[in-house]
Amino acid sequence: MKLLTHNMLACHVRSHKHEEAQPFLIEVTEQGEADADFDPAFLERMFDRIVWKTLYDGALAMGIKDLPESPTKALLDDEVFLRAFHHALLEVSLEEGFLICPFADPSKPNEKRKFAVTKGVPNLLLDEHEC
């Protein structure tokens, strides 16, 4: 699962009762990397659509430390930034691990709901009591 996909996912467990769906935390067991064509125009279009904090936190969980915490559009003219953005968004993937809801279930305050990622595919099926 690429960080681009992760950026579009959110936890929707009803019992957590938060106002907005929140992005998943990432727990990495195995990650992969594959080359992707570098397309600055695509990155420029995606820049405003990405929730940057989600991408930044996901990248840190995947061991990527060369993204700025809060970039500006001016960085879209910087090829070093664009290549780092491209690498984090499109080339690194979570192969095995977990997506973790940032909120605990009120009935289990010390546990956070984990969704397995196997072979790069997240299983986001909810248990019946979570719907």
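Basis for what follows: all heavy atoms, side chains included, without hydrogens, waters or symmetry-related copies.
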If you measure from CG on L82 to CG on D77, what distance do you get to the nearest 0.5 Å? 8.0 Å
Those residues at least two apart in sequence (or on a different chain) that pass salt bridge (Lys or Arg N to Asp or Glu O under 4.0 Å) with K119 are none
So, using side chain to side chain contact (heavy atoms under 4.5 Å, CB included) as the criterion, who are the partners of S70 when residues are at least two apart? none
Among Ile, Leu, Val, Met, Phe, Trp and Tyr joined by side-chain contacts under 4.5 Å, find the other residues sharing a cluster with F98 and list them by chain and number. L25, I100
Side-chain (K2) to main-chain (L90) donor-acceptor, under 3.5 angstrom: yes
Identify each donor-acceptor pair in which a side-chain atom of residues 54-68 lies under 3.5 Å from a protein atom, sequence neighbours left out, and give them as a table.
residue: D57; atom: OD2; partner: K53; partner atom: NZ; Å: 2.7

Yes or no on side chain to side chain contact (heavy atoms under 4.5 Å, CB included) for L43 and L76, after CA distance, side-chain angles and deciding distance? CA-CA 8 Å; L43 296 171; L76 293 173; 5.6 Å; no
Whichever hydrophobic residues join V51 through chains of side-chain contacts under 4.5 Å: none
Linking I/L/V/M/F/W/Y whenever their side-chain heavy atoms sit closer than 4.5 Å, directly or via other members, would F42 and F38 fall into one cluster? yes
Who pairs with F47 by ring pair (Phe, Tyr, Trp, His ring centres under 6.0 Å), at least two apart in sequence or on another chain? W52
Is M8 linked to L94 within one hydrophobic cluster, defined over Ile, Leu, Val, Met, Phe, Trp and Tyr using a side-chain heavy-atom separation of less than 4.5 Å? yes
Where F85 and I50 come nearest, the two heavy atoms and their spacing: CZ-CG1, 4.3 Å
Can you find a heavy atom in the side chain of P122 that is under 4.5 Å from one in the side chain of F115? no
Can you see which heavy atom on L75 is nearest to which on F81, and at what distance? O-CD2, 3.2 Å
Taking the side chain as everything from C-beta on, heavy atoms only, tell me whether H6 gets closer than 4.5 Å to I26. yes
Other cluster members, V80 - Ile/Leu/Val/Met/Phe/Trp/Tyr, side-chain contacts below 4.5 Å: none
Tell me the side-chain hydrogen bond (donor to acceptor under 3.5 Å, both in side chains) pairs involving residues 79-104, sequence neighbours left out? E79-R83, H86-E91, H87-E91, S93-E95
Only pairs at least two apart or in different chains count here, so list each side-chain hydrogen bond (donor to acceptor under 3.5 Å, both in side chains) that has a residue in residues 24-45. E27-K114
Report the residues that fulfil salt bridge (Lys or Arg N to Asp or Glu O under 4.0 Å) with D48, sequence neighbours left out, ordered by chain and then residue number. K73
One pair to check against side chain to side chain contact (heavy atoms under 4.5 Å, CB included): R49 and N7. What are the steps and the verdict? CA-CA 9 Å; R49 296 178 182 176; N7 202 271; over 6 Å; no
With clusters defined by side-chain heavy atoms of hydrophobic residues (ILVMFWY) lying less than 4.5 Å apart, directly or transitively, does L3 cluster with L124? yes
